[in-house]
Amino acid sequence: MVLRNNPSAPPLLDVEGIDFLSVLDRLDDGVMITDRRGTIHFYNRAQAKIDGIPAEEAMGMKVTQIYELNRRTSLVMQSIIHNASIKNKTFFYRTAAGKVVNSITSAYPLYTKTGKVNGAICFVKDYERLRRSTPMPPREPFHTDLGNGTRFRFSDIIGSSHWLKKVIGIAKKAADSASPIMIQGETGTGKELVAQAIHNHSPRRDQKFVAVNCAAIPHDLLEGMLFGTSRGAFTGALDKPGLFEMAHGSTIFLDELLAMPVDLQAKLLRALQDKRVRRLGSLKETRVDVKIISSVNQDPRTAIREEKLRTDLYYRLGVVMVKLPPLRQRLDTMEELAGHFIKKYNTRLGTNVKSISREVMELFMAYRWPGNIRELEHLIEGAMNMAGQDEAMGIQHFGPGLDCLEHMDTECMDPAITMITQPPQLPVHEAAEPPENFTRTQKQREETAVKAAMTKAAGNVTRAAEILGISRQLLHYKLKKLGLRRVDFMR
């Protein structure tokens, strides 16, 4: 058999009289054969199914065109370039159509009769299909259910900075009393995590933690869910206890309190004052003993002015305020958080990431994080799907989830950050002089190097980044940080 892309191309396989292609096409594993440039000459039905790409579309294209890979990250190209066999490598990749594949891939170089590398053959096993078909012991979840409706304690909160210890200290003291607690924080700052930790630190820890997201339930159903219903209250209504009755002797968490209608807030206020609830359609009141934790995603006083929150309800629920700062104000915990999520998703995805490149960390430190810790977690999870078994997570593993990694727009940048590698300012005394001089020298050298590269590249950012050995995105950030304009270097 002679396999050629065109009559003038050299053969990739030359085994006369044996029809290997029909055998390869019937395999359950994906098979792909390319020439030394990475152009696909054979692409079997299993590979087409794994990738979600018709074989006729893949034939004749390069592997770097149909996959979001380059010569350095493509196993096929690495096998050809280094004349090496790559065996059973756990490999995550994304197709040009956006499908993410978790695979076990092997790639072997192919040779001409003279021993010259002339292409590669690649075998791909769909890892998810293997996992589903192979009985496996259940993997221990990263955070186990504590048996009371929660998964988190204070020990699960990541960060060792002074302010975080202060916030945790306030929350721990408030957990010991029956007084209501209001947690204030932007979306993604971990309000429910803190609420669960408070419950697990309180005398009510052995009781079921009851949580309700006020924004996720239609307004006309929220009242019945909170206070319960009685038979005949409305069509189809049954005698059913509400969440307050279910939380008797325990804790109820009212998440996204500002989504609760103002008229329902008045009924909630009365229940808090009387410590009694009345089911819809009933005249009977039931006494309840609950500790209430609520959360808001903006300053309560602002919410009051915008008529999202009743003043009297704020005074009742905001007895103790726990304020969670956004991620952009807790950058000192960035490395701890990133390391935590890497460990979490190594366990969940079976990856082997051990570190994040300095380049990525610099971009992390410059980004404003509108989605806070939740956004950071999702970004790292996506990158680890791309990293596979790579030990270092670099900027090439991040997709378009974080726009600033692609464009470094000023809207995404934190204006408060001027020197992301600069250590905290030391008190002014003689011992502080050497660190200040070091920082100043470091900044001057960085500015000199950037100017020289931009001058040599005549203002071409891509070329200048290559000269400096950094990414284009990071160079854009450094230009903004140093107050330099590309046009000033154009000839």
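Within 6.0 Å of CD in Gln273 there are more than 12 heavy atoms belonging to other residues, nucleotides or ligands. The number of heavy atoms from other shown groups lying within 6.0 Å of CZ (Arg153) does not exceed 12. Other residues, nucleotides and ligands contribute over 12 non-hydrogen atoms within 6.0 Å of the CD atom of Glu285. Remark: Leu283 CG is loosely packed, at most 12 non-hydrogen atoms of other residues, nucleotides or ligands lying under 6.0 Å away. Enclosure of atom NZ in Lys99 by more than 12 non-hydrogen atoms of other residues, nucleotides or ligands within 6.0 angstrom is indicated.
With rounding to the nearest 0.5 Å, the separation of CG in Leu324 from CD1 in Ile183 is 6.5 Å. Rounding to the nearest 0.5 Å places OG1 of Thr187 at 12.0 Å from CD1 of Ile373. Once rounded to the nearest 0.5 Å, the distance linking CE of Met260 with CG of Leu258 reads 10.0 Å. Here Arg374 contributes atom CZ and Leu193 contributes atom CG; the two are 11.0 Å apart, rounded to the nearest 0.5 Å. Rounding to the nearest 0.5 angstrom, the gap separating the CZ atom in Arg330 from the CD atom in Glu336 is 9.0 Å. The distance from the CZ atom of Arg270 to the CZ atom of Arg316 is 13.5 Å, given to the nearest 0.5 Å.
Between Asn297 and Glu186, the side chains place no donor N or O within less than 3.5 Å of an acceptor N or O (distance only, hydrogens not considered). Tyr345 and Asn385 share no side-chain donor-acceptor pair at under 3.5 Å. For the residue pair Asn70 / Thr64, no side-chain donor-acceptor distance below 3.5 Å is found, with atom types taken as modelled. Judged purely by distance below 3.5 Å, without hydrogens or angles, the side chains of Asn102 and Tyr93 never pair a donor atom with an acceptor atom. Side-chain polar atoms of Asp255 and Ser295 form a donor-acceptor pair below 3.5 angstrom. Side-chain N/O atoms of Ser202 and Arg205 include no donor and acceptor closer than 3.5 Å. A donor-acceptor contact closer than 3.5 angstrom links the side chains of Asn148 and Asn200. Asp239 and Ser230 form no side-chain donor-acceptor contact under 3.5 Å, judged by distance and modelled atom types alone.
When atom types are taken as modelled, the side chain of Asp289 and the backbone of His248 share no donor-acceptor pair closer than 3.5 angstrom. Although no hydrogens or angles enter the test, the distance criterion places no donor-acceptor pair under 3.5 Å between the side chain of Thr302 and the main chain of Gln298. Of the possible polar contacts, one joining the Asn213 side chain to the Ala215 backbone as a donor-acceptor pair under 3.5 Å is found. Between the side chain of Glu391 and the main chain of Lys354, no donor-acceptor pair closer than 3.5 Å is present. Using modelled atom types, one side-chain atom of Ser357 and one backbone atom of Val360 make a donor-acceptor pair closer than 3.5 Å. Remark: side-chain polar atoms of Gln265 are paired, donor with acceptor, to backbone N or O of Arg310 under 3.5 angstrom. Proximity of a side-chain donor or acceptor of Ser106 to a complementary backbone N or O of Asn88 within less than 3.5 Å is detected. Panel note: side chain His199, backbone Phe253; no donor-acceptor pair is recorded below 3.5 Å. Looking only at distances, no side-chain donor or acceptor of Asn346 sits under 3.5 Å from a matching main-chain atom of Phe341. With hydrogens and angles ignored, the 3.5 Å screen pairs a side-chain donor or acceptor of Arg204 with a backbone N or O of Ser250.
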Please evaluate residues His397 and Asp390 with respect to the criterion side chain to side chain contact (heavy atoms under 4.5 Å, CB included), reporting the C-alpha separation (whole Å), side-chain torsions for both, the decisive distance (0.1 Å), and the verdict. CA-CA 10 Å; His397 298 124; Asp390 292 348; 3.1 Å; yes
Could you walk me through whether Glu375 and Tyr367 pass side chain to side chain donor-acceptor pair (under 3.5 Å), step by step? CA-CA 11 Å; Glu375 182 181 11; Tyr367 186 46; 2.8 Å; yes
Any chance you could lay out the side chain to side chain donor-acceptor pair (under 3.5 Å) test for Thr189 and Asn372, step after step, and finish with the verdict? CA-CA 6 Å; Thr189 49; Asn372 293 290; 5.6 Å; no
One pair to check against side chain to side chain contact (heavy atoms under 4.5 Å, CB included): Val167 and Lys323. What are the steps and the verdict? CA-CA 7 Å; Val167 169; Lys323 295 185 179 181; over 6 Å; no
Taking it one step at a time, do Lys125 and Thr105 satisfy side chain to side chain contact (heavy atoms under 4.5 Å, CB included)? CA-CA 6 Å; Lys125 296 179 184 292; Thr105 298; over 6 Å; no
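Under the 30°/60° scheme for interplanar angles, the aromatic rings of Phe364 and Trp369 are found to stand perpendicular.
Residues Leu482 and Glu446 are in side-chain contact: their nearest non-hydrogen atoms beyond the backbone lie under 4.5 Å apart. For the pair Ile293/Ile252, no side-chain contact is recorded, criterion being any heavy-atom separation below 4.5 Å from C-beta on. Side-chain atoms of Thr251 and Val210, non-hydrogen and from C-beta on, never get closer than 4.5 Å to each other. In this structure the side chain of Leu257 reaches within 4.5 angstrom of the side chain of Leu309, judged on heavy atoms. The closest side-chain heavy-atom distance from Leu379 to Phe398 is below 4.5 Å. Within the 4.5 Å cutoff, the side chain of Phe227 has heavy atoms near those of the Leu264 side chain. Between Ile66 and Tyr43, the closest side-chain pair of non-hydrogen atoms falls below 4.5 Å. Counting heavy atoms from C-beta on, the side chains of Lys89 and Ile104 never come closer than 4.5 Å.
Heavy atoms only, all atoms of each residue included: Ser74 and Val63 are closest at OG-CG2, 3.8 Å. The shortest heavy-atom contact between Ala174 and Lys291 is O-NZ, 3.1 Å. Contact record, Leu475 with Ala465: CD2-N, 3.5 Å, taken as the closest heavy-atom pair. Contact record, Asn44 with Leu27: ND2-O, 4.0 Å, taken as the closest heavy-atom pair. Closest approach of Lys284 and Arg278 over heavy atoms only: O-CG, 3.5 Å. Thr333 approaches Gly159 most closely through the heavy-atom pair CG2-CA, 3.8 Å.
In this structure, Glu447 does not pair ionically with Lys478, as no charged nitrogen and carboxylate oxygen lie closer than 4.0 Å. Salt bridge annotation for Glu377-Lys344: present, with a cationic side-chain nitrogen under 4.0 angstrom from a carboxylate oxygen. Note on Asp145 versus Arg151: no salt bridge recorded, every NZ/NE/NH1/NH2 to OD/OE distance being 4.0 Å or above.
Residues that satisfy the ring-ring contact (aromatic ring centres under 6.0 Å, His included) test with Phe154, not counting sequence neighbours, are His201. Listed by chain and number, the residues in a side chain to side chain donor-acceptor pair (under 3.5 Å) with Gln184 amount to none (sequence neighbours excluded).
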